[in-house]
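To find a chain, count down the sequence lines: A is the first, B the second, and so on, and within it residues start at 1. Only heavy atoms go into these numbers, but all of them, side chains included; no hydrogens, no water, no symmetry mates. What you see is a predicted model; the values in this text were computed from it and never measured.
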There are 2 protein chains.
Amino acid sequence: MEYSINKLSQLAGVSTRTLRYYDEIGLLEPKRISSSGYRIYGKEELKLLQHILLYKELGFELLTIKQIITDPHFDKRRALLSHREKLLEQKKQIDALIQNVNKTLDSLERRTEMADTERFEGFKKEKLLENEKRYGKEICDKYGEDTVEKANKKFMNLTEEEFKEQEQLAQDIIANLKEAFKTDDPSSELAQKCAEMHKKWLLYFWDQYTPEMHANLAKMYVEDERFTQYYDKEQPGLAKFLYEAIQIYTNQKRT
Amino acid sequence: MEYSINKLSQLAGVSTRTLRYYDEIGLLEPKRISSSGYRIYGKEELKLLQHILLYKELGFELLTIKQIITDPHFDKRRALLSHREKLLEQKKQIDALIQNVNKTLDSLERRTEMADTERFEGFKKEKLLENEKRYGKEICDKYGEDTVEKANKKFMNLTEEEFKEQEQLAQDIIANLKEAFKTDDPSSELAQKCAEMHKKWLLYFWDQYTPEMHANLAKMYVEDERFTQYYDKEQPGLAKFLYEAIQIYTNQKRT
DNA sequence: ATACACGTTGACGTAACGTCAATGTCAACA
DNA sequence: TGTTGACATTGACGTTACGTCAACGTGTAT
């Protein structure tokens with residue numbers, strides 16, 4: 001029994017375009033070509049095609065399928081195992097995305113449903129959520145969940161006034177830092193004042209302070225681009241400058 | 001503060017190609033273009049870009065993101081909800097794929113680990129698995145799990161000899177059917193003999209037989225391409241011919 | 001002779017960029 | 001002032017697995 005491209009496509013339930021494509025990439029070639037150039041397939045090709053479709057249903061790429069069916073020594077078990085790993089990985093990613101979407105939905109609902117009196121509390125919660133989404137794991141890993149918990153609690157206890165002070169202070173630090181940056185000397189008086197202001201700012205969120213912790217945080221300012229960016233968007237190099245200023249500042253404190 | 005394309009890309013952690021692409025599709029255009037044609041971005045663009053990346057992390061398509069950020073009346077909640085649905089759907093699909101891969105792995109292991117004495121049992125199990133993978137749900141839905149269970153059990157009880165008989169019979173049916181097909185008359189003697197042979201064949205798997213069940217199955221031969229294909233691969237139209245022969249055969253039986 | 005179904009190759013489009021290539025611009029240094 | 005090197009531009013191809021034309025050739029029935 002021989003089949004034209006149309007018949008084979010109907011038997012197997014794929015489009016003729018698909019068969020032509022498989023021919024093109026050498027995945028499934030017709031048994032022979034008729035004098036007028038028509039593709040002619042045989043029973044073998046039908047079987048092969050069914051094999052191909054089986055693997056396709058498992059989500060394999062055509063290139064991989066080609067290897068599987070052309071090389072009979074190909075280790076199918078290994079291929080299946082690694083493929084399963086890939087699928088599990090994908091599943092994990094999708095789960096993470098779903099969680100992420102859920103969080104975003106949460107914060108959205110909070111914002112719309114919040115009464116005016118609760119607005120500030122909701123606002124802070126949202127900031128926390130945002131923060132968690134951006135840095136979540138890393139911070140916990142570095143400082144321990146306990147420390148993070150405490151910081152969050154302190155943050156939630158801020159009054160609206162304190163919050164505004166803190167914001168203002170953050171702005172002042174940047175302004176002074178920009179000035180100090182011109183001197184290009186992180187040990188300059190102004191730069192050291194910035195480091196001190198930065199410490200004061202931290203105490204809005206931390207309930208204990210050690211020079212080590214301060215120096216450690218500063219290191220993150222240059223190592224993690226998400227922090228770097230906060231200062232560098234005002235002036236490239238500002239994050240590193242602050243880092244150096246804080247190193248000098250905390251070294252003096254420790255001696 | 002103004003940023004060149006390179007600075008912005010570093011601040012936000014994306015490639016310059018990405019920024020050019022976003023410009024190309026009108027997702028994020030620079031604040032202005034310098035006299036020499038350079039793209040120049042401002043702080044606003046940085047913020048917008050961060051928003052874009054936020055949505056991108058959630059797995060939104062760029063086209064959707066464009067709508068979200070350009071139209072402030074866009075219903076973000078609805079977008080998030082429907083997006084979550086999409087993700088859940090994807091997750092379900094991946095789960096199904098994983099199950100499928102697991103089954104395939106199972107049947108593979110059975111084949112390799114099987115001792116010679118168990119070969120035939122393993123072989124039958126594999127056939128069943130294969131079958132289940134191909135038709136699983138539909139058959140159960142049509143006949144009820146109970147009937148399917150019984151049929152599977154009967155199948156597993158076949159001796160090697162019976163199995164071979166059954167295979168031979170299936171081949172004979174096709175051969176006769178091809179002959180009968182030439183007459184183009186499903187009520188012809190030969191065609192009716194085929195219907196009877198088909199009944200006999202069925203009794204290898206079914207422990208009860210009614211003309212209704214037989215006629216019903218025949219209907220599936222023309223309605224479900226996976227069955228059609230089994231006969232049509234020998235001769236287009238064969239499945240339908242058998243269907244008609246069986247209809248006539250069972251109608252006579254019922255009157 | 002004509003109609004009509006069926007076949008062919010070739011090309012573009014998809015999503016979101018990566019990766020060249022060819023060429024222009026800018027600041028700094030010898 | 002010429003040159004170097006970093007940075008910018010546009011343009012184009014490649015990626016995956018086909019869908020969807022277009023332009024054109026074949027086979028068969030009327």
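When the side chain to side chain donor-acceptor pair (under 3.5 Å) test is applied to Lys91(A), the partners found at least two apart in sequence or on another chain are Asp95(B). Legend: residues meeting ring-ring contact (aromatic ring centres under 6.0 Å, His included) with Tyr249(A), ordered by chain and number and at least two apart, are absent. Here Lys47(A) pairs with nothing under the side chain to side chain donor-acceptor pair (under 3.5 Å) rule; sequence neighbours left out. For Ser187(A), the side chain to side chain donor-acceptor pair (under 3.5 Å) partners at least two apart in sequence or on another chain are Asp185(A). Not counting sequence neighbours, the partners of His83(A) by the ring-ring contact (aromatic ring centres under 6.0 Å, His included) test are Phe60(A). Every residue was checked against the ring-ring contact (aromatic ring centres under 6.0 Å, His included) condition with Tyr41(A), not counting sequence neighbours, and none meets it. Phe181(A) is linked by a ring-ring contact (aromatic ring centres under 6.0 Å, His included) to Phe241(A), counting only residues two or more places apart in sequence or in another chain.
Regarding Lys66(A), its NZ atom lies at a distance of 12 Å from the P atom of dA17(D), rounded to whole Å. What separates CD of Glu24(A) from C1' of dA17(D) is a distance of 11 Å, to the nearest Å. Straight-line distance from the CD1 atom of Ile33(A) to the P atom of dG25(D): 19 Å, rounded to whole Å. Distance Leu19(A) CG to dG19(D) C1': 14 Å, rounded to the nearest Å. In this structure, OH of Tyr22(A) is placed 14 Å from P of dT16(D), rounded to the nearest angstrom.
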message: Apply salt bridge (charged side-chain N to carboxylate O under 4.0 Å, His left out) to residues Glu45(B) and Arg32(B) and explain how you reach the verdict.
response: CA-CA 11 Å; Glu45(B) 283 73 28; Arg32(B) 62 188 187 84; over 6 Å; no
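For Ser15(A) and dC18(D), the shortest distance from a side-chain N or O to OP1 or OP2 is not below 4.0 Å.
The stretch residues 82-91 of chain A has no heavy atom under 4.0 angstrom from DNA chain D at all.
Between Ile248(B) atom CD1 and Gln192(B) atom CD the span is 5.5 Å, to the nearest 0.5 Å. In this structure, Leu11(B) CG and Asp232(A) CG are separated by 6.5 Å, a value rounded to the nearest 0.5 Å.
Within the structure, side chain to side chain donor-acceptor pair (under 3.5 Å) contacts touching residues 18-29 of chain A (residues at least two apart or in different chains) are Ser15(A)-Thr18(A), Asp23(A)-Arg39(A).
Within the nucleic acid shown, Ser34(A) has no heavy atom closer than 4.0 Å to any nucleic acid atom.
Here the closest non-hydrogen pair linking Ser188(A) and Thr183(A) is OG-OG1, 3.7 Å.
Chain A approaches DNA chain C within less than 4.0 angstrom (heavy atoms of the protein), and the contacting nucleotides run 5' to 3' from dC6(C) to dA11(C).
Formation of a donor-acceptor pair under 3.5 Å by the Tyr3(A) side chain with backbone atoms of Lys233(B) is found in this model.
In this structure, Ser35(B) and Lys56(B) both approach DNA chain C, and ranking their closest nucleotides by distance from the 5' end singles out Lys56(B).
Rounded to 10°, the helix from dA1(C)-dT30(D) to dA30(C)-dT1(D) has 50° between the axis fitted to its first five pairs and the one fitted to its last five.
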Would you list the protein and nucleotides 7-10 of chain D atom pairs, both N or O, that sit under 3.5 Å from each other?
| unit_1 | atom_1 | unit_2 | atom_2 | d |
| --- | --- | --- | --- | --- |
| dA8(D) | OP1 | Ser4(B) | OG | 2.9 |
| dA8(D) | OP1 | Asn6(B) | N | 3.1 |
| dA8(D) | OP2 | Asn6(B) | ND2 | 3.2 |
| dT9(D) | OP1 | Arg39(B) | N | 3.1 |
| dT9(D) | OP1 | Arg39(B) | NH1 | 2.7 |
| dT9(D) | OP2 | Arg20(B) | NE | 3.1 |
| dT9(D) | OP2 | Arg20(B) | NH2 | 3.0 |
| dT9(D) | O5' | Arg39(B) | NH1 | 3.4 |
| dT10(D) | OP2 | Arg39(B) | NH1 | 3.1 |
| dT10(D) | OP2 | Arg39(B) | NH2 | 2.7 |

